[in-house]
Amino acid sequence: MPAEIISGKELGNELRQEMKKEVDQLKNSGLTPHLTVIIVGDNPASRSYVRGKEKASDTVGISSEVIELPSSVTEEELLGLIDQKNRDASVHGILVQLPLPEQIREENIIVAIDPAKDVDGFHPINIGRMMTGQDALLPCTPYGIITMLKSRNIPIEGKHAVVIGRSNIVGKPVGQLLLAENATVTYCHSKTDKLTDYTKSADILIAAAGRANMINKEHLKEGAVVIDVGINRMEDGSLTGDVDFESAKEIASYITPVPRGVGPMTITMLLKNTIQAAKGLANS
Ligand code: L34
């Protein structure tokens with residue numbers, strides 16, 4: 001039986017409808033969640049994602065502003081802007097779209113954002129809180145992945161979850177969230193020897209390496225749940241995941257597509273975090 005497809009687009013839209021109701025209520029009580037998105041330079045992919053965030057905010061009634069800075073901006077100037085937004089009580093969420101130009105050290109930017117406004121969940125304070133099981137703003141992509149699994153009541157406890165990729169924004173934190181759900185977690189990465197030995201025993205496989213079609217049915221155990229985080233732009237302009245979808249769906253029990261899989265969930269969880277930050281619950 002071919003795999004069931006988990007559409008992040010559909011699930012995201014359902015969740016956004018619920019969020020709209022909550023935002024309406026907050027607005028009635030005088031609180032309009034506000035998100036500030038900062039984008040540096042003119043990377044077309046970043047522009048497209050930021051436009052998606054702006055549109056999605058609008059749909060649920062979150063007020064948003066996008067601040068565009070030239071690629072020549074200095075670290076000092078960017079830090080100055082962040083400081084201003086940290087102090088502005090009408091701003092509940094601050095997001096600096098990554099990647100940043102070379103002259104700016106990403107880690108300096110991430111730690112400059114007030115952890116209570118860090119709707120990306122990238123600040124070491126939020127990462128530390130997440131890892132120790134405390135209230136935290138969670139990184140959007142990992143949070144979206146867990147939400148997709150839960151939406152289908154996919155068991156996590158006691159299962160072998162294999163994460164391919166160890167980035168700070170996806171691989172590392174998604175492994176931590178799966179661990180918190182009592183999975184047995186294995187991290188694989190570009191230096192892993194005999195990758196298939198690990199993937200073959202995965203009940204849940206998270207492909208977040210950024211290599212187009214690197215996973216196919218030969219890597220999978222029958223009935224595996226396959227979450228594809230890759231967004232690889234092909235020469236013809238189309239988007240492809242890290243998973244060969246047509247091959248993998250023959251053997252998986254559940255699979256996420258690219259596009260319309262994890263990407264829209266990343267944006268949906270950003271909205272959720274912005275509402276959370278506006279309510280002041282996280283990090284309080
Ligand atoms: N600070 N930087 C910061 N926060 C983030 O959460 C991100 N990310 C990643 C890149 N840099 C970031 C995103 O927003 C990746 N990412 C992201 C968000 C949304 C989508 C993809 C990546 C998305 O909506 N993807 C659509 C296709 C969009 C298209 O056609 O270009 C999809 O259906 O997968």
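All of these numbers come straight from a predicted model, not from anything done at the bench.
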Open item on the list: Between His34 (side chain only) and His92 (backbone N and O only), is there a donor and an acceptor less than 3.5 Å apart?
Closed with: no
- [ ] Mind running side-chain contact (heavy atoms from CB on, under 4.5 Å) on Glu218 and Thr199 for me, showing each step along the way?
- [x] CA-CA 9 Å; Glu218 308 296 329; Thr199 59; over 6 Å; no
Open item on the list: With clusters defined by side-chain heavy atoms of hydrophobic residues (ILVMFWY) lying less than 4.5 Å apart, directly or transitively, does Ile127 cluster with Leu137?
Closed with: no
TODO: Might you point out which heavy atoms bring Ile267 and Gly52 nearest each other, and give the distance in Å?
DONE: CD1-C, 3.9 Å
Task: salt bridge (charged side-chain N to carboxylate O under 4.0 Å, His left out) partners for Arg211, two or more places apart - done: none
- [ ] Let me see the working for Leu177 and Met130 under side-chain contact (heavy atoms from CB on, under 4.5 Å), right down to the final yes or no.
- [x] CA-CA 8 Å; Leu177 292 183; Met130 175 197 68; 3.8 Å; yes
Open item on the list: Less than 3.5 Å apart, any donor N or O on the side chain of Ser63 or Thr32 sitting next to an acceptor on the other?
Closed with: no
Open item on the list: Can a donor-acceptor pair be found, under 3.5 Å and without considering hydrogens, that links the side chain of Gln17 to the backbone of Gly12?
Closed with: no
Open item on the list: I need the Tyr254 OH to Ile227 CD1 distance, nearest 0.5 Å.
Closed with: 11.0 Å
Task: Lys/Arg-Asp/Glu bridge criterion (N-O < 4.0 Å) met for Glu22, Lys279 - done: yes
- [ ] Identify the two heavy atoms, one from Tyr187 and one from Gln176, that lie closest to each other, and give their separation to 0.1 Å.
- [x] OH-N, 3.4 Å
TODO: State whether Lys150 and Glu181 are salt-bridged, where the test is any N-O pair (Lys NZ or Arg NE/NH1/NH2 against Asp/Glu carboxylate O) under 4.0 Å.
DONE: yes
Task: Same apolar cluster (I L V M F W Y, side chains within < 4.5 Å links), Val170/Ile231 - done: no
Task: Heavy-atom donor-acceptor pair, Asn126 side chain to Gly121 backbone, under 3.5 Å - done: no
TODO: Say whether Ile145 and Ile204 are linked into one hydrophobic cluster, either directly or through other cluster members, by side-chain heavy-atom distances under 4.5 angstrom.
DONE: yes
Open item on the list: So Glu4 and Arg152, do their side chains get closer than 4.5 Å, heavy atoms only?
Closed with: yes
Open item on the list: Looking at Gln103 and Ser71, would you say the former's side chain and the latter's main chain have a donor-acceptor pair under 3.5 Å?
Closed with: yes
- [ ] Compare all side-chain heavy atoms of Asp203 with those of Lys221 and state whether any distance is below 4.5 angstrom.
- [x] yes
Task: Heavy-atom pair of closest approach, residues Val23 and Pro33 - done: CG1-CD, 4.1 Å
TODO: Please assess Leu149 against Ile156 for the test side-chain contact (heavy atoms from CB on, under 4.5 Å), listing each intermediate value before the final yes or no.
DONE: CA-CA 8 Å; Leu149 296 172; Ile156 304 175; 4.0 Å; yes
Open item on the list: Around atom OH of Tyr49, are there more than 12 heavy atoms from other residues, nucleotides or ligands closer than 6.0 Å?
Closed with: yes
Task: Validation row: Asp114, Ile94 side chains within 4.5 angstrom (heavy atoms) - done: no
Open item on the list: I'd like to know if Arg51 pairs up with Glu54 as an ion pair, taking the criterion as any Lys NZ or Arg NE/NH1/NH2 lying under 4.0 Å from an Asp or Glu carboxylate oxygen.
Closed with: no
Open item on the list: One pair to check against side-chain hydrogen bond (donor to acceptor under 3.5 Å, both in side chains): Thr132 and Gln134. What are the steps and the verdict?
Closed with: CA-CA 6 Å; Thr132 53; Gln134 302 175 64; 2.8 Å; yes
Task: Glu102 CD: over 12 foreign heavy atoms closer than 6.0 Å - done: no
Task: Exam field: side chain Thr192 to backbone Leu195, donor-acceptor pair closer than 3.5 Å - done: no
Open item on the list: Counting only heavy atoms from other residues, nucleotides and ligands, does the tally under 6.0 Å from CG of Asp42 exceed 12?
Closed with: no
- [ ] Output the distance between atom CD1 (Ile104) and atom CD (Glu76), rounded to the nearest 0.5 Å.
- [x] 11.5 Å
TODO: Apply side-chain contact (heavy atoms from CB on, under 4.5 Å) to Ile62 and Asp58, showing your working.
DONE: CA-CA 6 Å; Ile62 291 174; Asp58 206 49; over 6 Å; no
TODO: Indicate yes or no for a side-chain donor-acceptor contact from Glu75 to the backbone of Arg105 under 3.5 Å, with no hydrogens or angles considered.
DONE: yes
Open item on the list: Measuring from atom OG1 of Thr256 to atom CG of Leu11, what distance do you get when rounded to the nearest 0.5 angstrom?
Closed with: 11.5 Å
Open item on the list: If I take atom NZ from residue Lys117 and atom CG from residue Asn273, how far apart are they, to the nearest 0.5 angstrom?
Closed with: 15.0 Å
Task: Val262-Val119 co-clustered via ILVMFWY side chain contacts under 4.5 Å - done: yes
Open item on the list: Any salt bridge linking Glu65 with Lys85? Criterion: basic side-chain nitrogen under 4.0 Å from a carboxylate oxygen.
Closed with: yes
Open item on the list: Donor-acceptor check, side chain of Asn86 to backbone of Ile113, threshold 3.5 angstrom: yes or no?
Closed with: no
TODO: Please examine the side chains of Leu178 and Val163, heavy atoms only from C-beta on, and report whether any two atoms are closer than 4.5 Å.
DONE: yes
Task: Thr147 side chain to Tyr143 backbone, donor-acceptor under 3.5 Å - done: yes
Task: Thr266 side chain to Cys140 backbone, donor-acceptor under 3.5 Å - done: no
TODO: Return yes if some donor-acceptor pair links the side-chain N/O of Asn216 with the main-chain N/O of Asp244 below 3.5 Å, else return no.
DONE: no
Open item on the list: Could you check whether any side-chain heavy atom of Leu271 comes within less than 4.5 Å of a side-chain heavy atom of Lys53, counting everything from C-beta outward?
Closed with: no
Open item on the list: Can you tell me how far apart OG (Ser247) and CD1 (Ile215) are? Round to the nearest 0.5 Å.
Closed with: 10.0 Å
Task: Shortest non-hydrogen contact from Ile110 toward Pro124 - done: CG2-CD, 4.2 Å
- [ ] Taking the side chain as every heavy atom from C-beta outward, state whether Val111 and Glu107 have any atom pair closer than 4.5 Å.
- [x] no
Open item on the list: Do His160 and Thr184 pair up side chain to side chain, a donor and an acceptor below 3.5 Å, judged on atom types alone?
Closed with: no
Open item on the list: As an exercise, state the distance from CG of Asp228 to CG of Leu205, rounded to the nearest 0.5 Å.
Closed with: 9.0 Å
TODO: Could you tell me which non-hydrogen atom of Ala278 sits nearest to which non-hydrogen atom of Leu31, and how far apart they are?
DONE: O-CD2, 3.6 Å
Open item on the list: Does atom CE (Met131) have a neighbourhood of more than 12 heavy atoms from anything else shown, all under 6.0 Å?
Closed with: no
Task: Minimum side-chain heavy-atom gap Ile67-Ile39 below 4.5 Å - done: no
Open item on the list: Please give me the minimum heavy-atom distance between Ser167 and Pro173, naming the atom from each residue.
Closed with: O-CD, 3.6 Å
TODO: Would you kindly confirm whether Val225 and Phe245 end up in one hydrophobic cluster when ILVMFWY residues are joined by side chain heavy atoms under 4.5 Å apart?
DONE: no
TODO: Taking atom types as modelled, find out whether Asn213 and Asp242 have a side-chain donor-acceptor pair closer than 3.5 angstrom.
DONE: no
TODO: Would you indicate whether the side-chain heavy atoms of Val37 and Ser64 approach each other to under 4.5 Å?
DONE: no
Open item on the list: Less than 4.0 angstrom from a charged side-chain N to a carboxylate O is my criterion; do Glu68 and Arg47 meet it?
Closed with: yes
